> 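Just passing along the structure, written as structure tokens.
Residues: numbered from 1 along the sequence shown. Note that the structure is predicted; figures quoted are calculated from it, not measured.
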Amino acid sequence: QVQVVESGGGLVQAGGSLRLTCTASGFAYGAYAMGWFRQAPGKEREWVSCISTLMFGITSYYGDSVRGRFTISRDNAKYTVYLQMDSLKPEDTAKYYCAAERRLSSGCSSGPNRYNYWGQGTQVTVSS
């Protein structure tokens with residue numbers, strides 16, 4: 001049974017930090033790139049970051065709005081991916097989703113339609 005489970009969301013003041021955790025099971029985690037997306041009320045789902053598979057060399061990518069503030073990492077031994085979020089802003093408020101993309105090449109995708117498995121999301125609220 002495939003499971004993708006996010007945790008670590010919460011309420012934080014602007015300028016603060018949170019670390020989101022995504023734990024996967026039920027599929028060949030090492031062959032999947034992992035991504036983080038977010039969606040605020042009334043807005044489209046936005047790609048935040050992704051990290052490629054170990055097979056082709058781990059590389060991380062970031063959206064323009066979070067680059068320099070967020071850091072993605074993965075622990076293949078633990079089937080886990082993390083999103084360290086620093087210098088949080090009120091506009092980072094959203095529900096954050098973790099997703100897995102089956103990859104046969106290097107890199108990872110920013111389009112949500114490329115992802116095979118999704119978690120239920122974890123809420124992040126940044127107060128001003």
> Do the rings of Tyr29 and Tyr79 sit parallel, tilted or perpendicular, given the 30° and 60° boundaries?
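Rings of Tyr29 and Tyr79: parallel, as their planes differ by under 30°.
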> Under a 3.5 Å cutoff, is there a donor and acceptor pairing between the side chains of Ser65 and Arg38?
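On atom types as modelled, these side chains qualify, holding a pair under 3.5 Å.
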> Does anything in residues 49-71 pair up under ring pair (Phe, Tyr, Trp, His ring centres under 6.0 Å), and if so which pairs, sequence neighbours excluded?
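Sorted pair list comes back empty.
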> Do Trp36 and Ile72 have side chains that approach each other closer than 4.5 Å (heavy atoms only, starting at C-beta)?
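Sidechains of Ile72 and Trp36: in contact.
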> Could you check if a side-chain atom of Ile58 sits within less than 4.5 angstrom of a side-chain atom of Thr53, using non-hydrogen atoms only?
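Answer no - side chains too far apart.
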> What are the two closest non-hydrogen atoms of Tyr115 and Gly35, and how far apart are they?
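Scanning both residues completely, I find the closest heavy atoms to be CE2-N, 3.7 Å.
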> Donor-acceptor pair, distance only, cut-off 3.5 Å: does the side chain of Asp86 make one with the backbone of Ser17?
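Not confirmed, Asp86 side chain does not pair with Ser17 backbone.
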> Show the nearest heavy-atom pair for residues Thr23 and Thr80, with the distance to one decimal.
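Reported closest heavy-atom pair: OG1-OG1, 3.7 Å.
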> Given the rule that I, L, V, M, F, W and Y join up when any side-chain heavy atoms are under 4.5 Å apart, are Trp118 and Val2 in one cluster?
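Each belongs to a different hydrophobic cluster.
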> So how far is it from Leu83 CG to Cys50 SG, rounded to the nearest 0.5 Å?
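Between atom CG of Leu83 and atom SG of Cys50 there are 11.5 Å.
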> Restricting to pairs with a member in residues 68-82, which pass salt bridge (charged side-chain N to carboxylate O under 4.0 Å, His left out), not counting sequence neighbours?
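Qualifying pairs: Arg69-Asp92.
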> Can you list every salt bridge (charged side-chain N to carboxylate O under 4.0 Å, His left out) pair that touches residues 103-113, not counting sequence neighbours?
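Applying salt bridge (charged side-chain N to carboxylate O under 4.0 Å, His left out) to every pair that reaches into residues 103-113, excluding sequence neighbours, yields Glu101-Arg103.
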> Side-chain contact, heavy-atom cut-off 4.5 Å: Leu20 with Met85?
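The answer is yes; the side chains approach within 4.5 Å.
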> Would you say Val5 ends up clustered with Tyr117 if hydrophobic residues are merged whenever their side chains have heavy atoms under 4.5 Å apart, either directly or through other cluster members?
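Each belongs to a different hydrophobic cluster.
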> So if you build clusters from Ile, Leu, Val, Met, Phe, Trp, Tyr with side-chain heavy-atom gaps below 4.5 Å, do Tyr97 and Ile51 land together?
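No; Ile51 is not reachable from Tyr97 via cluster members.
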> What heavy-atom pair brings Val66 and Val48 nearest, and what distance separates the two atoms?
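Minimum heavy-atom separation between Val66 and Val48: CG2-O, 3.4 Å.
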> What pairs meet the salt bridge (charged side-chain N to carboxylate O under 4.0 Å, His left out) rule with one or both residues in residues 119-128, with sequence neighbours excluded?
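For residues 119-128, and leaving out neighbouring residues, there are no salt bridge (charged side-chain N to carboxylate O under 4.0 Å, His left out) pairs at all.
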> Please check this pair: side chain of Glu6 against backbone of Gln120, looking for a donor-acceptor N/O pair closer than 3.5 Å.
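The answer is yes, because a donor-acceptor pair under 3.5 Å joins these two groups.
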> Locate the shortest heavy-atom distance separating Ser52 from Thr59; write the atom from each residue and the value.
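Of all heavy-atom pairs spanning Ser52 and Thr59, the closest is OG-N, 2.7 Å.
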> When rounded to the nearest 0.5 angstrom, what is the spacing between CD in Glu91 and OG in Ser128?
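The distance works out to 10.0 Å.
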> Go through the steps to decide whether Leu18 and Leu88 satisfy the test side-chain contact (heavy atoms from CB on, under 4.5 Å), and finish with yes or no.
CA-CA 8 Å; Leu18 283 174; Leu88 282 161; 4.2 Å; yes
> Indicate yes or no: at least one non-hydrogen side-chain atom of Ser7 is less than 4.5 angstrom from one of Thr122.
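No, side chains not in contact.
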> What pairs of residues pass the disulfide bond (SG atoms under 2.5 Å apart) test when at least one of them lies in residues 1-43, not counting sequence neighbours?
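Of all non-adjacent pairs touching residues 1-43, those that pass disulfide bond (SG atoms under 2.5 Å apart) are Cys22-Cys98.
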> Can you list the residues that meet the ring pair (Phe, Tyr, Trp, His ring centres under 6.0 Å) rule with Tyr96, with sequence neighbours excluded?
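Scan of Tyr96 (ring pair (Phe, Tyr, Trp, His ring centres under 6.0 Å), adjacent residues dropped) gives none.
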